[in-house]
Amino acid sequence: MTTTDPDVEVGRELLQFPPDFLWGAATASFQIEGATTVDGRGTSIWDTFAATPGKVLGGDTGDPACDHYHRYENDVELMSSLGLAAYRFSVAWPRIQPLGSGAVETRGLDFYDRLVDSLLASGIQPLVTLYHWDLPQALEDAGGWRNRDTAYRFAEYATIVHGRLGDRVKAWTTLNEPWCSAFLGYGNGIHAPGIADPRAALEAAHHLLLGHGLATAALRSLAPADHRLSIVLNFSTVWADGASEEHLTAVRKVDGLQNRILLDPITGRGYPEDVLLETAWLGDWTRVIRDGDLEIIEAPLDWLGVNYYAPARVAPADGDVVTPGPFAGLRGVELLPPRGELTGFGWEQNADAFTELLVRLSRDSAGLPLVVTENGSAFPDTVDGLGRVVDVERTRYLVDHVRAVHRAIAQGADVRGYLAWSLLDNFEWAAGYSQRFGIVHVDYETQRRTVKESAATLSRIIRDNGLPPTGYDI
Ligand code: FCB
């Protein structure tokens with residue numbers, strides 16, 4: 001038999017993905033747009049937080065970021081040149097409603113309108129996230145996510161955006177990682193608005209879920225039948241070094257506060273009993289849960305977005321000792337350091353934990369199809385003398401994790417897509433511009449974009465809708 005397919009010639013069969021598997025990359029408004037005072041945009045909690053000394057590394061702010069607000073056409077061309085089929089981005093609430101409620105700034109809507117048109121003209125499917133953490137400051141001044149009213153304001157805002165983009169955008173996400181908004185924003189305060197109050201974190205989590213449910217219902221009533229609604233959660237596989245009762249309890253506690261606390265109510269199981277018991281000592285945060293809220297929160301979805309970066313490792317500890325870290329109310333657990341190969345950000349690289357997670361979620365998510373909405377790694381890249389960015393480590397992380405998705409599908413997980421985090425190097429929240437997650441390098445001085453080796457690799461994976469079972473030279 002003669003063949004011209006190089007992969008067959010060298011005897012390597014590709015691990016193939018399902019025919020309509022969705023490949024792409026993701027970003028978020030505050031992390032890439034810059035132009036924070038342009039076209040009537042209001043102030044967000046991240047503008048305020050970044051302007052507060054000591055909150056963001058190096059005093060970095062949302063300007064100029066990747067100046068994507070002005071360079072979106074080039075960025076869409078870049079996506080097109082990489083062969084991306086999908087692009088996940090978020091809408092900045094303060095561009096649409098500068099004060100978080102009431103008056104609508106049409107110039108903000110116009111920007112996303114142009115972006116969507118440009119994506120569609122390039123054959124790239126837009127996936128819109130309505131909230132990726134940039135809450136209008138005016139709402140925070142009234143209590144932010146601690147205030148139940150914010151949930152209703154969010155549904156109103158979601159309706160406005162859908163009203164403008166819904167004739168072209170079919171894939172919608174209410175919230176990105178409400179866990180981070182609640183636990184990092186209000187629990188340990190390392191994210192905006194910087195409040196360190198574990199009980200407030202749990203109350204905020206409930207109001208975020210309520211906002212999700214209200215927005216989902218609002219969109220469902222407006223949207224044509226082919227619109228697909230979702231939420232994006234960040235999950236970890238939680239591992240301990242033993243199977244004793246104490247080890248299993250430590251795993252269950254962290255799994256509860258990381259994964260099940262949000263997944264269970266969304267998928268119709270209500271808040272997990274064990275989490276309610278474990279957190280009861282913080283005071284009666286459940287008083288914010290009103291009759292009928294859980295029914296709103298379990299509004300039917302069409303898919304679940306999964307963000308995965310690293311596993312969590314835990315060990316049992318003295319039962320009464322509060323565990324330092326982001327898990328509001330957690331006691332009797334030690335959070336262990338990451339192991340093995342780490343990313344530049346110090347996160348554990350572990351693709352097996354990803355397979356395990358996807359298989360488990362496919363089982364525990366009420367039959368919802370999964371889309372990997374974020375997965376990626378930060379390393380300190382540089383542009384070499386030949387103008388290239390040879391990001392060997394990120395490429396390996398990417399390839400290992402794409403293979404992990406393939407294994408999960410082979411084991412029965414219903415995974416429909418993979419979106420790399422991130423299209424561009426960008427503002428990595430409290431770490432400022434110090435962490436580069438992009439598959440495309442950004443020189444923040446010149447705004448020059450350089451396609452990294454990892455992007456070229458993703459491009460080939462997309463072209464082949466698959467990859468070889470071994471090796472990194474793809
Ligand atoms: C996720 C966020 C995303 C990015 C990555 C690294 O938690 O959703 O904005 O910062 O982490």
Side-chain angles (χ1 to χ4, degrees), residues 24-34 44-46 49-50 55-57 60-62 65-66 68 87-93 127-135 173-185 187-188 190-192 201 205 208 212 230-237 258-259 262 304-312 325-327 338 342-350 354 357 371-381 391 393-394 397-398 401 418-440 442 454:
T27 62
S29 46
F30 192 77
Q31 295 181 274
I32 64 163
E33 286 177 359
S44 81
I45 55 173
W46 271 95
F49 191 71
K55 298 295 186 188
V56 173
L57 196 68
D60 291 346
T61 70
C66 309
H68 172 77
Y87 175 54
R88 171 178 180 248
F89 65 92
S90 77
V91 173
W93 189 346
L127 283 78
V128 167
T129 299
L130 289 159
Y131 184 72
H132 199 128
W133 307 354
D134 36 8
L135 186 73
T173 295
T174 54
L175 307 175
N176 175 74
E177 301 191 357
W179 185 90
C180 292
S181 302
F183 288 80
L184 306 182
N188 66 1
I190 66 162
H191 279 186
L208 281 149
H212 155 75
S230 67
I231 188 168
V232 167
L233 302 180
N234 55 309
F235 297 99
S236 271
T237 306
Q258 172 73 61
N259 301 321
L262 302 177
L304 175 68
V306 178
N307 290 357
Y308 168 82
Y309 289 90
F327 297 105
L342 307 186
T343 68
F345 211 171
W347 296 0
E348 179 166 339
Q349 303 191 48
N350 199 310
F354 194 20
L357 175 71
V371 175
V372 176
T373 34
E374 285 182 29
N375 174 244
S377 55
F379 290 100
D381 313 293
D391 56 338
E393 291 156 303
R394 183 176 298 94
Y397 181 99
L398 169 76
H401 285 74
Y418 177 94
L419 308 176
W421 184 269
S422 178
L423 176 71
L424 303 168
D425 289 337
N426 59 46
F427 177 85
E428 178 45 37
W429 309 114
Y433 296 99
S434 70
Q435 299 298 326
R436 294 181 175 274
F437 274 94
I439 56 173
V440 174
V442 176
S454 55

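In this chain, numbering begins with 1 at the start of the sequence shown. In listed order, ligands and their atoms are each counted from 1. Side chains are part of it too, since the values below use all heavy atoms of this structure and drop only hydrogens, waters and symmetry mates.
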Novice: Would Asn176 count as a contact residue for ligand 1, given that I'm defining contact as a non-hydrogen atom of the residue lying under 4.0 Å from a ligand atom?
Specialist: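 Asn176: in contact with ligand 1 (<4.0 Å).
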Novice: For atom 7 (O) of ligand 1, what is the nearest protein heavy atom, given as residue, atom name and distance?
Specialist: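 Nearest protein contact, heavy atoms only, for atom 7 (O) of ligand 1 is Glu177 OE1, 2.5 Å.
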Novice: Is the closest heavy-atom distance from Gln435 to ligand 1 below 4.0 Å?
Specialist: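 The answer is no, since Gln435 has no heavy atom less than 4.0 Å from ligand 1.
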Novice: Provide, to 0.1 Å, the distance between atom 3 (C) of ligand 1 and the closest protein heavy atom, together with that atom's residue and name.
Specialist: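 Atom 3 (C) of ligand 1 sits closest to the protein heavy atom Glu374 OE1, 3.3 Å.
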Novice: Do the rings of Tyr309 and Trp347 sit parallel, tilted or perpendicular, given the 30° and 60° boundaries?
Specialist: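 Answer is perpendicular, since the angle exceeds 60°.
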Novice: Would you say the side chain of Ile190 lies within less than 4.5 Å of the side chain of Phe183, judging by non-hydrogen atoms?
Specialist: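 Phe183 vs Ile190: side chains apart.
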Novice: What residue and atom, counting heavy atoms only, is the protein's closest point to atom 5 (C) of ligand 1, and at what distance?
Specialist: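 Protein heavy atom at minimum distance: Tyr309 OH, 3.2 Å.
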Novice: May I ask you to list the atoms of ligand 1 that are less than 4.0 angstrom from any heavy atom of Phe437?
Specialist: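 Selected atoms, number and element: 6 (C).
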Novice: Kindly assign one of parallel, tilted or perpendicular to the pair Trp46 and His191, based on the angle between their ring planes and the thresholds 30° and 60°.
Specialist: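 Perpendicular, since the angle between the ring planes exceeds 60°.
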Novice: State, without any angle test, whether Asn426 and Tyr433 hold a side-chain donor-acceptor pair at a distance under 3.5 Å.
Specialist: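 Asn426 vs Tyr433: no donor-acceptor pair found between side chains.
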Novice: Show which atoms of ligand 1 fall inside a sub-4.0 Å distance from at least one heavy-atom site of Gln31.
Specialist: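 Numbered from 1, ligand 1 contributes 3 (C), 4 (C), 9 (O), 10 (O).
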Novice: With rounding to the nearest 0.5 Å, note down the distance linking OG in Ser90 to CG in Leu175.
Specialist: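 Output value for this atom pair is 11.5 Å.
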Novice: Could you tell me if Thr27 and Tyr87 have a donor-acceptor pair between their side chains, going purely by distance under 3.5 Å?
Specialist: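 Yes, a side-chain donor-acceptor pair sits under 3.5 Å.
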Novice: Quick check: Trp179 with Phe327 (ring centres under 6.0 Å apart)?
Specialist: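 Here the rings of Trp179 and Phe327 have centres that are less than 6.0 Å from each other.
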Novice: Please list the nearest protein heavy atom to atom 10 (O) of ligand 1 with its residue and the distance rounded to 0.1 Å.
Specialist: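 Nearest neighbour among protein heavy atoms for atom 10 (O) of ligand 1, to 0.1 Å: Glu428 OE1, 2.6 Å.
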Novice: With heavy atoms of Trp429 as the reference, note each atom of ligand 1 found under 4.0 Å away.
Specialist: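 Matching atoms, with element in brackets: 3 (C), 4 (C), 9 (O), 10 (O).
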Novice: Please determine whether any non-hydrogen atom of Trp133 lies less than 4.0 Å from an atom of ligand 1.
Specialist: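 Heavy atoms of Trp133 do come under 4.0 Å of ligand 1.
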Novice: Just distances here: any N/O of His132 and N/O of ligand 1 closer than 3.5 Å?
Specialist: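 For ligand 1, there is an N or O atom that lies under 3.5 Å from one belonging to His132.
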Novice: Taking atom types as modelled and ignoring hydrogens, do the side chains of Asn234 and Asn176 form a donor-acceptor contact shorter than 3.5 angstrom?
Specialist: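 No, Asn176 and Asn234 have no side-chain donor paired with an acceptor closer than 3.5 Å.
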